[in-house]
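To start, the structure itself, in structure tokens.
Numbers here simply count residues along the sequence, with the first being 1.
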Amino acid sequence: MSADHDLDALRALAAREWGLDIADARSLGSNEDRNVLLILGDGSRRLLKVSHAGIARTELEAQDAALAHLAAAGVAVPRVHASLGAARIVPLDDGTHARVLDFLEGEPAGGARLPLGLPAALGARAGSVAAALAGFDHPGLADGGDWDLREARRVVAEALPVLRGARREQLPRVLAEAELRILHVRDSLRVQPIHGDLTADNVVLGADGAIAGVIDFGDLGRGWLVAEAAVAACGLLQHDGPAVRDALDAIAAFDAVVALTPEEVTAVWPLVVARAVVLAAAGERVLDEDPSNDYARVRRPLEDRMLERALSLGFEEAELLVRHALGRIPEPASRTYTPMIAGLADAPEVDLSVTSPAFDGGAWLAPDALRTALAHARGDGAGALTRYGEHLLLPEAGHAGTPRSRLAGRAIAVAPGTAVVSPNGGVVTSVDGDSLTARVDYGPAVHLRGVDPAVAVGTRVVAGETLAHAAAGGDGVAVVLLWQSVLPELAPPARTAPGHDEAWEALCPDPAPLLGRVPANLASSRSPEALLAARDGVFATVQEHYYDIPPRIERGWRHHLLDTTGRGYLDMVNNVAILGHGEPRLADAVARQLRLLNTNSRFHYEAVVAFSEELAARAPEGLDAVLLVNSGSEAVDLAIRIARAATGRSDILALTEAYHGWTVGADAISTSLGDNPGALESRPDWVRLLDAPNSYRGRHRGAETGRYLEDALARLAALDDEGVTLAGLVAEPIFGNGGGILLPDGYLQGLADAVRARGGLVVSDEVQVSYGRLGAHFWGFEQQGVVPDVIAVAKAMGNGHPLGAVVTTREIAERFAVEGSFFSSAGGSPVSSVVGSTVLRVLDEDGLQENARVMGERLRGGLLDLCARFPALGAVHGMGLYLGVEVVRGGPDAPDPAGAHAICEALLDEGVIVQPTGDHKNVLKIKPPLTIDEAAVARFLEALERVMVRREAWAAL
């Protein structure tokens with residue numbers, strides 16, 4: 001682009017040639033053209049477009065004519081404005097051309113996450129534009145340009161010299177595969193004028209959220225009609241959320257307006273792939289020609305994402321899903337079949353789902369876990385089968401990505417050498433290694449894997465004729481995979497990814513009839529969406545749940561959470577499960593104790609004594625009296641009561657920005673605005689507050705944080721003057737809900753000394769930060785060099801079991817007796833006590849506190865590196881495995897809760913669970929189980945980096 005086309009020059013051009021009164025102007029992104037938004041003096045807006053030098057004037061004239069044609073057809077598009085000289089196109093000295101168009105008012109539809117329903121609406125609008133353009137023609141219509149997918153091979157070839165790294169090999173190879181897929185239908189694809197770039201970036205939304213208009217006709221030209229649908233679908237693959245499903249919805253909506261021919265149905269997904277390849281290749285070429293093109297640079301990660309998702313489906317798999325989305329599949333044939341494997345009519349079905357007992361104790365991570373479970377269920381019988389439609393728990397769930405967890409049919413464990421026969425007359429259409437496919441007369445194609453084929457391709461078989469024999473694997477177990485396809489010309493994969501279950505049930509129905517069995521009844525299973533609706537119907541909705549559309553989590557293992565589709569999530573938020581999920585030593589100890597005794601702590605038994613001794617031994621010397629309860633809220637509430645009883649006073653000193661629990665007492669001193677926006681206005685008069693010593697966002701920062709103690713001491717002096725006598729101070733030694741912000745050095749010690757000098761007690765709320773989570777310290781107060789009078793603890797001490805405690809001195813505990821005896825029915829029960837002892841034992845056996853120190857340092861270092869790269873990540877708080885990352889819009893005084901929420905939702909797409917916290921809900925709280933390892937840390941940091949790179953890209957577009 002010419003140096004004469006800077007913003008000031010273009011603003012002057014618009015004023016001179018079009019006579020516009022321009023109040024302001026700003027550049028808008030584009031790969032090749034120059035777009036400038038003009039804000040006029042009356043508040044209205046125009047768009048100045050300067051085409052790149054490769055665009056002929058006749059092509060611009062065609063675009064203008066197409067806009068007029070579409071407007072006449074009722075499609076909302078920009079109007080072109082004539083210059084003072086009555087010209088709609090003004091030539092510039094460097095051979096480019098300028099035009100001024102309406103700036104269509106409305107909200108941009110693009111962005112990281114699209115509104116619900118927009119993908120289908122976009123597909124329908126692409127269809128309506130294509131339908132309207134079918135009757136349009138103009139001499140200047142481009143034919144064979146870079147964005148014409150008929151020219152994809154040339155575009156990639158021209159870009160090849162500038163392609164680097166993996167793209168140099170990948171892009172030509174992938175394009176060749178896509179072109180091969182459509183080779184036999186290419187000449188049958190309809191050609192007509194198309195928009196060529198009708199994506200979510202090129203529509204605007206009205207106040208009602210509906211599409212209000214279509215913009216940017218710079219890619220208008222002749223092309224394949226089906227390419228219009230492919231371009232819209234491909235563009236959706238760059239957005240967060242269920243992008244492949246969104247793309248299929250868009251194709252189906254396009255087809256509802258302009259019915260695709262069978263050949264176009266075959267071509268549409270290969271063209272989605274081709275479009276992704278062309279975008280990536282063209283982007284690299286543009287950057288080579290113009291390294292300063294920020295628009296092309298920031299689009300790179302989005303182009304990578306489009307290609308990755310386009311290739312997440314095989315071509316035949318994609319066509320099957322497209323046909324289902326378009327409703328173009330036949331009803332499955334109803335026939336009588338000869339059982340393909342004898343003796344399976346009553347064979348057991350094996351539970352290999354996420355909740356299967358076969359996978360307890362992390363057994364699902366073993367590569368042969370499924371085969372072993374099937375073989376065990378078979379025993380000496382004829383066979384054992386998986387359940388149809390079930391998502392399996394695979395070892396891949398422990399890694400990034402979405403496992404292909406659903407079998408298209410069933411897996412059957414049988415004796416090696418078992419005969420597999422033809423269910424009906426048919427023809428063998430494929431034999432490849434241990435796989436065989438036969439097309440059954442008047443019915444589906446039947447697919448086998450895990451067999452020794454006994455017939456050749458092309459063999460005509462009759463019902464009952466042997467097709468193959470079950471092949472034994474290296475473990476001696478024979479497992480045959482059997483599935484069918486109602487579209488026999490297309491081969492479904494043996495395993496499919498979650499998200500398209502309804503489609504695969506129709507495309508690959510239960511092969512039970514081929515085995516002499518009754519098909520499965522899937523109607524009884526409850527989807528995650530149905531379960532969420534049921535939860536909202538019976539569960540008081542004030543009890544919130546994570547995420548807008550939460551996955552249904554039914555199993556955990558160490559730092560992994562597993563949903564019912566077999567997808568694994570990295571748990572970066574669960575400070576309750578300090579030992580990790582599914583810990584077998586804890587489960588065994590609880591099961592054993594439940595078989596022996598579980599009652600209340602007024603009975604005499606060893607477990608409560610043993611646990612209390614072990615807990616007291618971890619506390620500072622002199623804190624040797626233990627009271628057991630069920631939760632952190634109860635522990636804090638009890639600590640307040642103890643402080644009041646021991647001092648004979650009622651007032652409690654607490655800090656703002658803190659959360660202590662939900663009981664009346666704990667809630668009274670909770671001031672976190674993130675949990676209760678009205679917290680500061682609703683405190684009872686016995687609660688005395690100090691400003692949180694927030695060194696990041698508070699009144700004093702940097703070298704001035706020592707002044708927080710001065711302020712606190714001044715506040716205490718003022719309370720003295722008012723005649724207020726304190727029962728004690730309740731404080732978190734590290735701000736938990738604040739995102740792990742450390743208190744200024746010496747703050748808690750100085751405050752504790754001042755409170756004690758006035759006869760009050762010091763209560764440390766250790767509910768979130770104790771039990772070795774800080775790595776360098778077992779207790780949070782150790783970081784501040786303080787020994788409290790009372791410790792309140794919970795969460796980690798039960799690893800998810802309801803268990804809390806107060807630990808104090810014998811003297812203070814006995815003074816609590818003025819209120820009478822204390823009793824908690826389940827607090828200190830035999831089971832709870834065994835849980836407490838086992839947690840402490842496993843913490844020591846597995847060295848989890850040291851792991852928190854080592855992994856915490858690694859995690860913190862990685863987060864600091866990301867903060868240095870991404871301005872939206874403002875700071876890292878905390879230590880060990882209690883960390884918080886600020887999400888901001890420019891600095892500490894501009895917290896960004898919407899950004900934090902969006903990051904958490906995007907991380908869920910990446911298979912990572914993080915949630916926001918803090919008064920502004922803008923801090924990413926990172927407090928995983930202490931089992932987290934190096935691989936998990938790397939996975940989290942890589943996921944957060946990908947999310948932030950994409951957020952920067954979207955923000956720059």
Side-chain angles (χ1 to χ4, degrees), residues 556 558-559 561 571-583 585-587 589-590 611-612 614-619 623 626-636 638-639 659-661 666 732-737 740 764-783 788 791-807 826-828 831-853 855-856 859 878-884 913 915 917 925-932:
R558 295 174 69 80
H559 42 276
L561 292 171
D571 183 0
M572 296 299 295
V573 77
N574 219 313
N575 65 332
V576 173
I578 199 165
L579 305 182
H581 304 284
E583 170 51 52
R585 287 163 289 185
L586 184 59
V590 169
F611 173 53
S612 297
E614 293 160 0
L615 184 59
R618 307 274 177 150
L623 275 68
V626 175
L627 299 93
L628 296 175
V629 291
N630 305 306
S631 69
S633 295
E634 292 177 333
V636 171
L638 178 58
Y659 175 79
H660 297 284
E732 297 173 284
I734 292 175
F735 275 102
N737 269 39
S764 184
D765 180 349
E766 298 282 327
V767 170
Q768 296 206 63
V769 297
S770 60
Y771 265 57
R773 176 164 289 282
L774 300 184
H777 309 289
F778 185 84
W779 300 107
F781 55 74
E782 293 173 326
Q783 193 274 333
I791 301 170
V793 61
K795 286 193 186 294
M797 66 187 299
N799 203 60
H801 180 86
L803 180 59
V806 170
V807 186
V831 166
S832 293
S833 297
V834 164
V835 167
S837 292
T838 305
V839 168
L840 289 172
R841 173 170 62 85
V842 174
L843 271 173
D844 292 342
E845 288 177 353
D846 291 1
L848 293 182
Q849 182 175 338
E850 174 63 7
N851 191 63
R853 184 189 69 79
M855 290 299 111
L859 187 54
M879 63 186 301
L881 291 177
Y882 202 104
L883 301 172
I913 291 181
Q915 283 293 297
T917 189
K925 54 182 174 184
I926 300 167
K927 45 181 186 175
L930 303 195
T931 57
I932 191 171

(message) Applying side-chain contact (heavy atoms from CB on, under 4.5 Å), can you list everything that pairs with A794, at least two apart in sequence or on another chain?
(response) V767
(message) Measuring only between side-chain heavy atoms, which start at C-beta, is V831 closer than 4.5 Å to H801?
(response) yes
(request) State, to 0.1 Å, how close T838 and A589 come at their nearest heavy-atom pair, and which atoms those are. (result) OG1-CB, 3.5 Å
(request) Calculate, to the nearest 0.5 Å, the distance between atoms OG and CG belonging to S832 and N630 respectively. (result) 6.5 Å
(request) Might you point out which heavy atoms bring F778 and L840 nearest each other, and give the distance in Å? (result) CZ-CD2, 4.2 Å
(request) Not counting sequence neighbours, which residues clear side-chain contact (heavy atoms from CB on, under 4.5 Å) with A619? List them please. (result) L623, I791, V807
(request) Can you see which heavy atom on G661 is nearest to which on S633, and at what distance? (result) CA-OG, 3.1 Å
(message) If I compare all heavy atoms of A635 with all of A805, which pair ends up nearest, and what's the gap?
(response) CB-O, 3.6 Å
(request) Scan for side chain to side chain donor-acceptor pair (under 3.5 Å) pairs involving residues 773-783, sequence neighbours excluded, and state none if there are none. (result) none
(message) Once side chain to side chain donor-acceptor pair (under 3.5 Å) is applied, do any residues pair with S631, and if so which ones, sequence neighbours excluded?
(response) none
(message) If you define the side chain from C-beta out and look only at heavy atoms, does anything of I578 sit under 4.5 Å from M797?
(response) no
(message) I need the L883 CG to L881 CG distance, nearest 0.5 Å.
(response) 6.5 Å
(request) Identify which one of H581, H559, K927 satisfies the side chain to side chain donor-acceptor pair (under 3.5 Å) criterion when paired with D571. (result) H581
(message) Quick check against the 3.5 Å criterion: does Q849 have a side-chain atom that pairs as donor or acceptor with the backbone of G775?
(response) yes
(request) List the atom of P733, the atom of V769, and the distance in Å for their closest heavy-atom pair. (result) CG-CG2, 3.9 Å
(message) For R585, give me all partners under side-chain contact (heavy atoms from CB on, under 4.5 Å), at least two apart in sequence or on another chain.
(response) E583, R841, V842, E845, D846
(request) Starting at CG of N574, measure out to CD1 of I913 and round the result to the nearest 0.5 Å. (result) 8.5 Å
(message) Measuring only between side-chain heavy atoms, which start at C-beta, is V835 closer than 4.5 Å to N799?
(response) no
(message) Please find the pair of heavy atoms, one from V626 and one from L615, that lie closest to each other, and give the distance.
(response) CG1-CD2, 4.1 Å
(message) Just so I know, are the side chains of L628 and F611 near enough to count as touching, which here means a heavy-atom distance under 4.5 Å?
(response) yes
(request) Report the C-alpha separation of Y771 and L848 in whole Å, then their side-chain angles, then the decisive distance to 0.1 Å, and conclude whether the side-chain contact (heavy atoms from CB on, under 4.5 Å) test is met. (result) CA-CA 9 Å; Y771 265 57; L848 293 182; over 6 Å; no
(message) Are the side chains of L579 and L843 in contact, using a 4.5 Å heavy-atom criterion?
(response) yes
(request) Give a yes or no answer on whether the side chain of S770 reaches the backbone of G780 with a donor-acceptor pair at less than 3.5 Å. (result) no
(message) Among residues at least two apart in sequence or on other chains, which ones pass side chain to side chain donor-acceptor pair (under 3.5 Å) with N737?
(response) D675, Q768
(request) Side-chain contact test, heavy atoms from C-beta onward, threshold under 4.5 Å: evaluate it for Y882 versus I926 and give yes or no. (result) no
(message) To the nearest 0.5 Å, what is the distance between CG on L774 and CD on E766?
(response) 8.0 Å
